[in-house]
2 protein chains.
Amino acid sequence: MPPMSADSAKRAMERPLQEPDAQAEAFAVVRQAHQMESTEDYVELIDDLITSQGEARLVEVAERLGISQPSAGKTIARLQREGYVTSEPYRSIFLTEKGKSLADKSRERHDVVYKFLLKIGVSDATAKIDSEGVEHHVSEETLDAFRRIIDAG
Amino acid sequence: MPPMSADSAKRAMERPLQEPDAQAEAFAVVRQAHQMESTEDYVELIDDLITSQGEARLVEVAERLGISQPSAGKTIARLQREGYVTSEPYRSIFLTEKGKSLADKSRERHDVVYKFLLKIGVSDATAKIDSEGVEHHVSEETLDAFRRIIDAG
DNA sequence: TCGTAAATTTAGCCATGGCTTAGTTTATAC
DNA sequence: GTATAAACTAAGCCATGGCTAAATTTACGA
């Protein structure tokens, strides 16, 4: 093992490693959040499309996600397998109860993050982009902290 | 197309859809961030291990990520292919210049998010977990907003 | 009604990143 | 110095989620 530099020693003091299992747990949470990410993005988007346009077509879902139609279709098939949506061949996409309630929860979370970012002075364009990425990784506790700040005047 | 309910009409007013290409862009940013996520997690962890323990062994990387050794090894191989790390068979793992500078940037970002969460009243345990997920999805603009709040008394 | 364009599906490609099982190398302890 | 344990690699499995190209179905306008 090479000797430790002064700098390294300093950083090791200031920023000690976590316990291995606590750190592993944090990464596990991220990986799990990650698995739900695309599911949440899809149901949220589908719900928005149904609300604004009366129906959710694959072509529109793909366009708004910025991916090809077959890619979107493949994921929609998974969502159907997992009970979030229903749709018959060549028809538009509907949310199940399960899908709708996940969509509602996701949108709520998304909105809190978005409004919070605006509140602390982030521009609208950046708030839109960052909230899309951040929404899947904030716990209820953090959301509550965000809500307190939103509501504070 | 089915008729729109009163509720839906209301929500459509309050939360209009974004432009398709702006929305697609936001998702593209998330997907790209996503591709960098594991790279950043690895180099940051490897750097921390080198600093605290003098070297980074695969067994430790795997343990702290909470995944199997072969899984960690496969990703390390990718990182080597992409020029972030070097390592010879059965030896410990080193960061290249490129890897080291990414690690530094990631740690900085991670620390800002972590400290910010503490500052707004999130518990230490939650701040550790959430910062792990959030760090990859905050823009420089948002980080600056976080820094302002951290520095504000 | 019928031809064409748009939407959707199918098939098959690729990379990532999990996993297990089994083999190899290294390090250690006796 | 050698046996054993620990660390690592190899091989091969799986699901996800991108892609393209080609086939099919639907919808629409002339």
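Residue numbering restarts at 1 for every chain, and letters A, B, ... go by the order of the sequence lines.
If you measure from atom CG of A:Leu65 to atom P of D:dT16, you get 17 Å, rounded to the nearest angstrom. Rounding to whole angstrom units, CZ of residue B:Arg57 and P of D:dT9 are separated by 9 Å. In this entry the distance linking CZ of A:Arg81 with P of D:dT16 reads 5 Å, nearest Å. Atom C1' of nucleotide D:dA15 and atom CD of A:Glu37 are separated by 16 Å, given to the nearest angstrom. Rounded to whole Å, atom C1' of D:dT16 lies 12 Å from atom CG of A:Leu79. Distance B:Leu58 CG to C:dT26 P: 15 Å, rounded to the nearest Å. Atom CD in B:Glu88 sits about 14 Å away from atom C1' in C:dT25, given to the nearest Å. One can place CE of A:Met36 at 13 Å from P of D:dT16, the figure rounded to the nearest angstrom.
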Check the interface with nucleotides 18-24 of chain C: list each N/O to N/O pair with the protein under 3.5 Å, or write none.
| residue | atom | partner | partner atom | Å |
| --- | --- | --- | --- | --- |
| C:dG18 | O6 | B:Lys74 | NZ | 2.4 |
| C:dC19 | OP2 | B:Ser68 | N | 2.8 |
| C:dC19 | OP2 | B:Ser68 | OG | 2.9 |
| C:dC19 | OP2 | B:Ser71 | OG | 2.8 |
| C:dT24 | O2 | B:Tyr90 | OH | 3.4 |

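Comparing A:His34 and A:Arg91 by the nucleotide of DNA chain D whose heavy atom lies nearest to each, the residue mapping closer to the 5' end is A:His34.
Only one option out of A:Val113, A:Val122, A:Asp111 pairs with A:Ser131 in a side chain to side chain contact (heavy atoms under 4.5 Å, CB included); it is A:Val113.
Side chains of A:Asp151 and A:Lys115 form no contact here, defined as non-hydrogen atoms less than 4.5 Å apart.
Atoms CZ and CD, from A:Arg57 and A:Glu63 in turn, are 14.0 Å apart once rounded to the nearest 0.5 Å.
The residues A:Glu44 and A:Arg109 are annotated as not salt-bridged, no charged nitrogen and carboxylate oxygen being separated by less than 4.0 angstrom. Note on A:Arg147 versus A:Glu140: salt bridge recorded, some NZ/NE/NH1/NH2 to OD/OE distance being below 4.0 Å.
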Exercise. Salt bridge (charged side-chain N to carboxylate O under 4.0 Å, His left out) between A:Lys128 and A:Asp124: does it pass, once the steps are laid out?
Worked result: CA-CA 6 Å; A:Lys128 281 202 171 84; A:Asp124 187 75; 2.8 Å; yes
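Taking side-chain N and O atoms only, B:Arg78 has a distance below 4.0 Å to OP1 or OP2 of C:dG17.
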